[in-house]
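In what follows, every heavy atom counts, from backbone to side chain, and hydrogens, waters and symmetry copies are set aside. Quick caveat: nothing in here was measured; it's all calculated off a predicted structure.
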Amino acid sequence: MKSILNSKKLFVIAAALLMTGVSCNDEFLEIAPTGSLADAQVNTKDGIEGLLIGTYAALNGVFGNRFEGPNHWVTGSIVGGDANKGTDAGDYSAINPVQRYEIDPTSGDINNYWRGRFEGVNRANAVLRALANATDITAGDAARIAGEARLLRGHFYFDLKKHFNNIPVFDETVLPTEVILVANNTDVWPLIEADFQFAYDNLPGENGAGRVNKWAAAAYMGKAMLFQGKFAQAKTWFDDTIANGTTSNGLPYALLDDYGSIYNAENDNHAEAVMDVESANNTGSVQNSNAFDDLNYPYNTGEDGPGNCCGFFQPSFELANSFRTSAGLPLLDGSYNSDPLVTDFNVDSADPFTPDAGTLDPRLDHSVGRRDIPYLGWGPHPGKAWIRSQPYAGPYSPRKYVYRAGQDGSFTDASSWTRGYATMNYTIIRFADVLLMAAEAEVEAGSLTQALAYVNQVRARAANATYWVKNEDGTDAANYEIAEYTSFPDQAFARNAVRFERKLELSGEGHRFFDLVRWGVAADELNAYLAYESTLLVTKFGGASFTAGKNEYYPIPQTQIDIQGPDILMQNPGY
């Protein structure tokens, strides 16, 4: 966190990591003994703050596994059809079965995801245990720290719930020295709700950049209610957040005028960030970077583009087609694939190419890198020259959370094996997400007028032509056309419009798969996605299918079942 993870805290962070047990074994309940700090040191205010910082650090992942990243680029976006793995078949081949919905319980990546999130739970519990024995802390500080720890614990459990569904649940009363086997048949929602409620009741609205606050708790509680189908309760929490919420710096939540500036490291801690994961600072050190995203850049760019490696996380044909508009509105009937974007698929960069001339939502070119469209100050995207294997992964490059020209060495580590170690905040919940979740709750509660207003608020920001992607001469880079809805004629139309708006607004941000699952449409949507993509990327998707009743959740890692026993950790259906 920029405001709290600075060089003066490095010793405390190290102590936090020791205390909370970044261990090399697979027992998620086991925390290694400290061996270096006495309880009296840890139970001071400084010691407890150090433990809390260690808990924040777990948001970025613990074990160096890219599945652990808070952006869920594999488990949320790729599996949700926003993108495919990209690159070629041989690079990080462990993702190949994941994107085909063929993941096995023995996957080491899924095991490390499980371990990393439970390590976050362990760290939050360590903070709460230490608070119970604190020696020099005020009641106000104790309430604030407990609120932060419990919101973070709720986040880790929420992530585990939406990935695995059936998970063990334990709180700070389970001591790290105890050997306790916890079954994965307990309802986790009551604990998540209790954590978010406690955080809401005890956190201040203004808590400083890099720390969660009261309004992050309110937004997260609304999201938890939405995932459970408790729409009236979700509406209440979103109403409170929208009317009263402020960033941790005390700024009222608001949509930024420039959609693209959400993904610019120079604009971190902006008014749209409800809850984010922050890099430590902009020193350009790989130690302070978002290592989980270091593969997700155009391929082989040299000095003329970002990253210079590795060509992963390529947006899908289906996603790009979804930005097609008619009279400024999206094609909610799904006909966008019948009028696909003109691309340079299998066209060499030296060969002539004319980009698509049809009408498009301007968010496309803030979300997807495509040939001849200006790319974040690096000049026009050259197309195939920046793609490792078009026949395998398609013609598009990722664009969101990619650093801009001129940020090498300040917002990246330019000395490492890849220049893609960037220090840009990732926003777990942003205000547009809140507005669209609120719109969804309004639709299900029957208030179509308010849902329309929220959706149009998001679309109005995207319609600000000042901030559309421009050519060097100041002209629009493509034929952009976007309009607000004039009405939602019925609930079915409104539901479809809200869901599609989430697809467009939040593409590539890790939400899509979990949205499809909670809406109960994952099998239909993803099998249609596979059928379309396989006509173009035969090698990657030919014969792949999504199995209803199985692929909505990931398998419980076999390593964990072997440790705990199959009668304690029960495997998810179908695996």
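- Scored by the side-chain hydrogen bond (donor to acceptor under 3.5 Å, both in side chains) test, Asn165 finds Lys161 as partners (sequence neighbours excluded).
- Glu102 pairs by the salt bridge (charged side-chain N to carboxylate O under 4.0 Å, His left out) definition with Arg100, not counting sequence neighbours.
- Listed by chain and residue number, Arg512 satisfy the salt bridge (charged side-chain N to carboxylate O under 4.0 Å, His left out) test with Glu525 (two or more places apart in sequence, or in another chain).
- The stretch residues 67-78 participates, sequence neighbours left out, in no salt bridge (Lys or Arg N to Asp or Glu O under 4.0 Å) pair at all.
- Under the rule for a salt bridge (charged side-chain N to carboxylate O under 4.0 Å, His left out), the partners of Arg459 that lie at least two apart in sequence or sit in another chain are Glu501.
- Taking Arg399 as the reference, nothing meets the side-chain hydrogen bond (donor to acceptor under 3.5 Å, both in side chains) condition, with sequence neighbours excluded.
- With sequence neighbours excluded, no residue forms a side-chain hydrogen bond (donor to acceptor under 3.5 Å, both in side chains) with Asn185.
- To the nearest 0.5 angstrom, Asn296 atom CG is 8.0 Å from Phe312 atom CZ.
- Under the salt bridge (charged side-chain N to carboxylate O under 4.0 Å, His left out) criterion, Asp201 pairs with no residue, sequence neighbours left out.
- The side chain to side chain contact (heavy atoms under 4.5 Å, CB included) search around Ser261 returns Leu256, Asp258, Asn267, not counting sequence neighbours.
- Residue pairs satisfying the salt bridge (Lys or Arg N to Asp or Glu O under 4.0 Å) criterion with at least one member in residues 425-436, sequence neighbours excluded, are listed as follows: Glu272-Arg430, Arg430-Glu505, Arg430-Glu509, Asp433-Arg502.
- Annotation: side chain to side chain contact (heavy atoms under 4.5 Å, CB included) contacts of Leu332 (sequence neighbours excluded): Pro330, Tyr485, Phe493, Asn496, Ala497, Phe500.
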Can I get a per-line list of side-chain donor-acceptor pairs under 3.5 Å for residues 443-453, giving both atom names and the distance, sequence neighbours left out?
| unit_1 | atom_1 | unit_2 | atom_2 | d |
| --- | --- | --- | --- | --- |
| Glu444 | OE1 | Arg495 | NH2 | 3.1 |
| Glu444 | OE2 | Arg495 | NE | 2.8 |
| Ser447 | OG | Glu442 | OE1 | 3.4 |

